[in-house]
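Scroll down for the structure; my scribbles are underneath it.
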Protein chains: 4
Amino acid sequence: MPKIVDKEAKKMEILNAAMQVFAHKGVVKTKIIDIATTAGVGKGTIYEYFRSKEEIFTSAYTYFSKTMESMVQEALSKEDDPLKQLELILTISLDAFVHIGEEFADIMMEFWAEGIRNKNQDILDVINLKGVYSNYRKMIQKILKKGIEKGVFKPMDTKSTASVLIGALDGVMLQWIMDRKAINLRKVSVVLLDSFIEGIRKRE
Amino acid sequence: MPKIVDKEAKKMEILNAAMQVFAHKGVVKTKIIDIATTAGVGKGTIYEYFRSKEEIFTSAYTYFSKTMESMVQEALSKEDDPLKQLELILTISLDAFVHIGEEFADIMMEFWAEGIRNKNQDILDVINLKGVYSNYRKMIQKILKKGIEKGVFKPMDTKSTASVLIGALDGVMLQWIMDRKAINLRKVSVVLLDSFIEGIRKRE
Amino acid sequence: MPKIVDKEAKKMEILNAAMQVFAHKGVVKTKIIDIATTAGVGKGTIYEYFRSKEEIFTSAYTYFSKTMESMVQEALSKEDDPLKQLELILTISLDAFVHIGEEFADIMMEFWAEGIRNKNQDILDVINLKGVYSNYRKMIQKILKKGIEKGVFKPMDTKSTASVLIGALDGVMLQWIMDRKAINLRKVSVVLLDSFIEGIRKRE
Amino acid sequence: MPKIVDKEAKKMEILNAAMQVFAHKGVVKTKIIDIATTAGVGKGTIYEYFRSKEEIFTSAYTYFSKTMESMVQEALSKEDDPLKQLELILTISLDAFVHIGEEFADIMMEFWAEGIRNKNQDILDVINLKGVYSNYRKMIQKILKKGIEKGVFKPMDTKSTASVLIGALDGVMLQWIMDRKAINLRKVSVVLLDSFIEGIRKRE
DNA sequence: TATGAATGAGCATTCATTCAT
DNA sequence: TATGAATGAATGCTCATTCAT
């Protein structure tokens with residue numbers, strides 16, 4: 001039993017090391033030896049915990065996306081007003097980016113890039129960006145629908161609007177990643193809420 | 001006298017082949033031999049027209065971004081109304097995506113992914129996504145400012161708004177790329193204009 | 001615990017294999033796979049011990065020239081008479097050639113050829129034939145000067161004489177390498193001492 | 001008939017170009033395209049006159065050694081005194097080196113290096129350094145023998161002495177090639193004659 | 001005859017993975 | 001269990017040579 005805990009802990013250590021290196025060098029340029037060195041173990045040890053380099057990558061992604069998702073879900077459950085929920089999603093996502101800072105923002109970009117790259121292929125099942133987006137859209141759609149029902153939002157094509165909102169969010173993060181100095185995420189966040197949500201809110 | 005060949009035309013043929021393969025397999029997984037085979041030439045021939053694999057990639061990018069840019073610029077020059085110009089940028093960009101279709105949309109994602117991946121490094125100067133975004137933002141900012149002056153748009157933080165608009169555009173394309181069946185670009189385009197631009201338009 | 005290997009010893013094994021192949025096929029025609037096969041290891045293993053093919057070559061040269069130099073230096077330190085010292089240099093050098101036999105004589109020629117070939121370029125710093133000759137000349141010049149002071153040799157242009165002596169030595173070795181059957185190094189050695197040294201010895 | 005002359009002349013032009021490039025870059029680093037460019041012809045044209053790169057090299061060598069040999073032979077035929085003949089060989093050889101200067105001295109080193117390198121193999125028959133040395137030795141031996149008969153030289157092992165003389169000559173050239181500034185060929189020439197030949201001259 | 005476009009054999013090097021210890 | 005020494009498949013690129021024009 002304690003053995004299992006050890007194993008699991010060490011696996012996480014290696015995973016953490018891997019994520020650091022992925023973020024720093026990019027997935028393709030990351031070598032097993034880099035991960036091993038960063039984790040402070042031997043090259044061979046890596047293979048005691050992961051079957052392959054690819055498995056390390058997918059494990060990292062899974063870990064990352066699960067963490068993200070639970071953060072959002074938890075926050076949403078505490079709030080009932082659709083408008084506030086929308087704000088929350090924006091805020092949490094952007095905050096996550098700002099707070100997790102350098103390292104994790106970079107690795108998220110790596111996941112993204114790799115997910116795009118492999119969309120027709122291999123890793124597909126794990127880095128299921130398609131599914132992630134689909135879920136996100138559905139989640140937001142639900143909020144939008146509820147908002148319309150409640151008379152908070154004006155009638156709209158909820159699916160397309162969800163896409164636009166997610167798109168705006170992602171795209172803004174992307175720009176921030178590309179050029180942090182040029183983008184003030186806080187300001188952008190306000191604008192996104194004020195102008196965009198303004199556009200979908202019902203007026204009397 | 002040697003065989004007479006339109007070097008420029010053949011270079012384009014190889015470039016086209018390369019773009020196909022890049023789009024299909026991703027830049028990293030694309031091997032020179034793949035490009036050669038697709039182009040219907042020998043491995044060595046590639047190097048008669050390009051110095052290296054990287055040069056092929058950057059050439060493809062340059063070709064692509066020049067084409068894109070000139071399309072947008074040309075359209076903008078024919079229109080003077082800020083609102084219409086904004087619409088044009090959206091429309092052209094999304095249209096380009098829709099019309100260039102499968103192949104080119106895929107390779108554009110490759111450029112994107114590669115640009116993100118290398119943002120701190122090598123190819124940087126060619127795949128200057130940072131610069132591209134900066135230019136885009138400035139272009140849109142100019143339109144927004146003119147619109148505010150003309151009283152078409154309400155006062156706003158033009159820089160942040162530009163970021164949000166570009167973000168929304170990119171993000172929407174990204175989702176479309178990921179899952180074409182789930183996204184109706186035409187509808188999304190309308191929503192983006194209606195709801196978002198609605199949010200920044202001045203009301204009496 | 002991993003396999004324990006005497007890294008230094010194995011490096012020498014590979015170096016020995018490399019020297020054999022260099023001597024047999026010449027540096028340029030020697031392929032890494034040849035060295036690997038001769039050493040009885042895999043291609044990749046070579047790179048566990050040497051950074052590149054060039055490093056293998058320069059390592060071999062360094063090893064060789066250090067061995068040679070220490071042999072000469074040690075012998076000289078035990079003898080004080082200039083005439084005897086000159087004899088020693090000749091004898092040791094020629095003996096070295098004769099004793100190290102087939103393999104090493106051949107690879108020394110390889111070093112020579114490669115040193116000549118690259119005299120204006122790359123390897124220059126390691127295969128510093130220019131420096132080697134310069135040192136050799138100085139060493140002999142010192143002996144000659146001491147001999148003149150002691151009244152053993154007649155006055156002469158010591159620098160040019162040193163060059164001639166080294167030249168004779170090298171040239172004789174070269175001919176022996178080219179055609180061992182035609183040259184009796186032992187006899188030549190005697191002639192070189194008798195006739196040449198005879199020419200510079202002071203007569204009453 | 002005139003065609004043949006043209007052919008021959010062009011072949012020589014290419015050969016000259018080749019020799020220049022060989023001298024400048026070394027045989028291995030010389031590419032066919034370099035020779036073609038230097039000769040001012042197309043790459044394919046080279047193969048109208050030579051079967052392969054190797055044939056160019058061997059042709060160059062043959063041309064070079066024939067020229068050298070005839071220079072020495074011609075000079076020797078005009079002189080009957082063994083001592084003077086020995087002087088002539090030294091002088092002509094060293095002069096040749098000095099006069100042909102940069103370019104040809106370099107290519108001669110290339111021939112030498114390549115001859116050494118391939119002594120067990122391929123080009124063997126053309127770059128027959130072994131044969132060249134053998135001939136040289138015989139030529140000098142003949143002079144020495146004649147000198148002994150005439151009572152000009154003291155009795156000696158003529159073969160070994162010839163080897164030493166050739167060796168001295170070659171070795172001195174080699175040093176000059178390696179480091180022209182350090183070696184004054186004129187002075188060395190005098191020393192070689194004065195001291196070495198002094199050693200073999202008969203005294204009353 | 002002259003040419004250079006086309007070619008592919010050949011090679012140094014990298015790195016994920018294996019496995020003896 | 002932990003390790004790192006060993007490995008060879010895989011790949012970008014070079015360049016002598018061929019051959020259609």
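A, B, ... follow the sequence lines: proteins, then strands. Residue 1 opens every chain.
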Measure [atom1]/[X] against [atom2]/[N] and give the value in whole Å, please.
X       : N      : atom1 : atom2 : result
C/Glu55 : E/dT13 : CD    : P     : 10 Å
C/Lys11 : F/dA5  : NZ    : P     : 13 Å
D/Ile35 : E/dT3  : CD1   : P     : 15 Å
C/Ile46 : E/dC15 : CD1   : P     : 18 Å
C/Asp6  : F/dG4  : CG    : C1'   : 15 Å
C/Ile56 : E/dA12 : CD1   : P     : 9 Å
C/Lys7  : F/dA6  : NZ    : C1'   : 10 Å

Heavy-atom closest contact ([X] atom, [Y] atom, distance):
X       : Y       : result
D/Phe57 : D/Phe22 : CA-CE1, 3.8 Å
C/Lys7  : C/Glu48 : NZ-O, 3.8 Å
D/Ala60 : D/Met19 : CB-CG, 3.7 Å
D/Glu55 : D/Tyr49 : OE2-O, 4.1 Å

> Out of B/Ile35, B/Leu15, B/Ile32, which residue meets the side chain to side chain contact (heavy atoms under 4.5 Å, CB included) rule with B/Phe50?
Replying inline: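 Of B/Ile35, B/Leu15, B/Ile32, side chain to side chain contact (heavy atoms under 4.5 Å, CB included) with B/Phe50 is met by B/Leu15 alone.
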
Any donor-acceptor pair under 3.5 Å linking the side chain of [X] with the backbone of [Y]?
X       : Y       : result
B/Thr45 : B/Val41 : no
C/Lys53 : C/Thr30 : yes
D/Asn16 : D/Met12 : yes

> Any stems for DNA chain E, made of 3 or more Watson-Crick or G-U pairs in a row, each with both distances under 3.5 Å?
Replying inline: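 So the stems come out as E:2-21 with F:2-21.
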
> Just by protein heavy atoms under 4.0 Å, how would nucleotides 14-19 of chain F read 5' to 3' in B, S and -?
Replying inline: BSSBB-

> So what does A/Tyr49 hit on the nucleic acid, given a heavy-atom distance under 4.0 Å: a base, only sugar-phosphate, or nothing?
Replying inline: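 Counting heavy atoms under 4.0 Å across all strands, the contact made by A/Tyr49 is with sugar-phosphate only.
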
>> With heavy-atom distances below 4.5 Å as the criterion, would you say the side chains of D/Tyr63 and D/Ser59 are in contact?
In response: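 Of all side-chain heavy-atom pairs linking D/Ser59 with D/Tyr63, none is under 4.5 Å.
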
